[in-house]
Amino acid sequence: MCAAGVTGSGRAAARRLGRAGEAPGSIPRRSSRRRRSVPIAYECGDEQGVSEPQRTRWEPKDWRQQLERIREMRRSRDAPVDGMGVEKCYDSSAPPQVMRYQVLLSLMLSSQTKDQVTWAAMLRLRQHGLTVDSILQMDDATLGQIIYPVGFWRNKVKYIKQTTAILKQKYGGDIPRTVEELVQLPGVGPKMAYLAMNIAWDSVSGIAVDTHVHRISNRLKWVKKETKYPEETRVALEEWLPRDLWREINWLLVGFGQQTCLPVKPRCTECLNQDICPAAKRH
């Protein structure tokens with residue numbers, strides 16, 4: 001799956017992406033059935049100046065040591081996400097508004113799709129001039145031929161067209177700059193929204209949890225109790241993981257999941273955490 005955290009060069013690119021403001025327009029209101037409410041993490045403060053009693057915060061056993069060892073295993077930065085993740089999919093020479101649009105499109109394509117496939121599809125799209133207007137002028141058949149074989153490509157053709165039309169009409173061709181607005185776009189889920197905020201707007205609103213982050217967090221027992229869905233994992237992680245690590249954790253765990261902590265037959269004998277991983281003995 002095409003996903004990435006934001007590294008030093010990524011943050012610089014994100015600052016370039018975030019310079020242009022949005023130009024609101026109008027669009028008919030969409031059905032309330034399609035609106036999704038996603039909890040957003042905010043900095044907490046007491047407006048009355050009265051602090052709440054200090055509570056002991058739960059933390060997973062050995063998590064700091066596990067994290068540092070994952071950093072060591074990811075030091076070479078040679079996983080698919082490092083060379084073909086979302087940060088590598090957009091045209092860095094394009095205007096900021098166009099770059100942000102390309103970031104969002106690459107995230108939409110990445111669902112249920114390997115980084116290599118998403119990256120190739122984005123290159124083909126960019127060869128056709130990947131902008132809001134070019135996509136709106138492109139017929140569905142052509143768009144489908146270009147993005148094939150990304151996962152669920154037929155549905156993605158529909159979602160891309162619908163979302164692009166909304167961006168044109170409601171946001172002046174730019175992308176929304178809040179998670180709440182992003183997840184209301186067709187084909188955009190919470191993980192995509194948080195990554196879009198990180199990469200396109202240089203804003204950390206929450207932890208982007210994909211299948212790799214979800215799987216590894218459960219294997220390492222970084223959640224109080226086992227979670228079934230990525231959104232459950234996101235909420236569980238945000239309850240204890242220090243906020244200054246939220247930007248990094250997706251990139252670290254995605255690459256780790258692509259190379260070592262595989263979905264099937266994880267390479268536990270090659271993992272530096274084999275002696276302190278709760279799941280190592282089972283594999």
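Quick note: numbers below take in every heavy atom, side chains included, and nothing from hydrogens, waters or symmetry partners.
- In the hydrophobic clustering of this structure, M108 groups with V179; members are Ile, Leu, Val, Met, Phe, Trp, Tyr whose side-chain heavy atoms approach within less than 4.5 Å, directly or through other members.
- The shortest heavy-atom contact between N273 and M73 is ND2-CE, 4.0 Å.
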Please step through side-chain contact (heavy atoms from CB on, under 4.5 Å) for the pair W251 and R77, ending with a clear verdict. CA-CA 10 Å; W251 167 77; R77 296 171 179 262; 3.4 Å; yes
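- We find that R69 and E72 are not joined by a salt bridge, their nearest charged nitrogen and carboxylate oxygen being 4.0 Å or further apart.
- Under the 4.5 Å side-chain criterion, counting only non-hydrogen atoms from C-beta, T211 is not in contact with P263.
- Closest non-hydrogen pair, T118 versus S110, comes out as OG1-CA, 3.4 Å.
- With salt bridges taken as basic N to acidic carboxylate O contacts below 4.0 Å, none links K158 and D140.
- Each of P60, C277, P278 was scored for a side-chain contact (heavy atoms from CB on, under 4.5 Å) with K221, with one residue passing: P278.
- Looking only at side-chain heavy atoms (C-beta outward), P266 and R219 come within less than 4.5 Å of each other.
- Under the 4.5 Å side-chain criterion, counting only non-hydrogen atoms from C-beta, L107 is not in contact with V188.
- Closest of all the heavy-atom pairs between V132 and G173 is CG2-O, 3.4 Å.
- Scanning all heavy atoms of the two residues, the minimum distance from I175 to L167 falls at CA-CD2, 3.9 Å.
- Under the 4.5 Å side-chain criterion, counting only non-hydrogen atoms from C-beta, W222 is in contact with W240.
- Not counting sequence neighbours, E270 has no partner by the salt bridge (charged side-chain N to carboxylate O under 4.0 Å, His left out) test.
- With a 4.5 Å cut-off on side-chain heavy atoms, W246 and L237 do not count as touching.
- Side-chain contact between H212 and V254 is present, with at least one heavy-atom pair separated by less than 4.5 Å.
- Annotation: side chain of E180 is not in contact with side chain of S205 (no heavy-atom distance under 4.5 Å).
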Applying side-chain contact (heavy atoms from CB on, under 4.5 Å) to N250 and Y194, what does each step give before you reach the verdict? CA-CA 10 Å; N250 176 270; Y194 289 119; over 6 Å; no
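- Listed by first and then second residue, the ring pair (Phe, Tyr, Trp, His ring centres under 6.0 Å) pairs involving residues 255-277 amount to none (not counting sequence neighbours).
- Smallest separation of non-hydrogen atoms from H214 and V209: N-CG1, 3.8 Å.
- A side-chain contact (heavy atoms from CB on, under 4.5 Å) with Q258 is found for exactly one of D82, D78, V81, namely V81.
- Between T233 and T227, the side chains place a donor N or O and an acceptor N or O closer than 3.5 Å (distance only, hydrogens not considered).
- I216 and L262 end up in different hydrophobic clusters when Ile, Leu, Val, Met, Phe, Trp and Tyr side chains are linked at under 4.5 Å.
- In this structure the side chain of M122 never reaches within 4.5 angstrom of the side chain of W119, judged on heavy atoms.
- Partners of R126 by salt bridge (charged side-chain N to carboxylate O under 4.0 Å, His left out), not counting sequence neighbours: none found.
- Here CG of N198 is found 5.5 Å from CZ of R247. Values are rounded to the nearest 0.5 Å.
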So L109 and I160, side-chain contact (heavy atoms from CB on, under 4.5 Å) or not? Walk me through it. CA-CA 9 Å; L109 292 175; I160 287 172; 3.8 Å; yes
Show the numbers, then the answer: is there a side-chain contact (heavy atoms from CB on, under 4.5 Å) between L252 and L67? CA-CA 9 Å; L252 277 175; L67 180 64; 3.7 Å; yes
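- By the ring pair (Phe, Tyr, Trp, His ring centres under 6.0 Å) test, Y148 is found to be paired with W153, residues two or more places apart in sequence or in another chain being considered.
- Atom CD of E59 sits in a crowded spot, with more than 12 heavy atoms from other residues, nucleotides or ligands closer than 6.0 Å.
- Not counting sequence neighbours, D91 has no partner by the salt bridge (charged side-chain N to carboxylate O under 4.0 Å, His left out) test.
- With sequence neighbours excluded, the residues satisfying salt bridge (charged side-chain N to carboxylate O under 4.0 Å, His left out) with E68 are R71.
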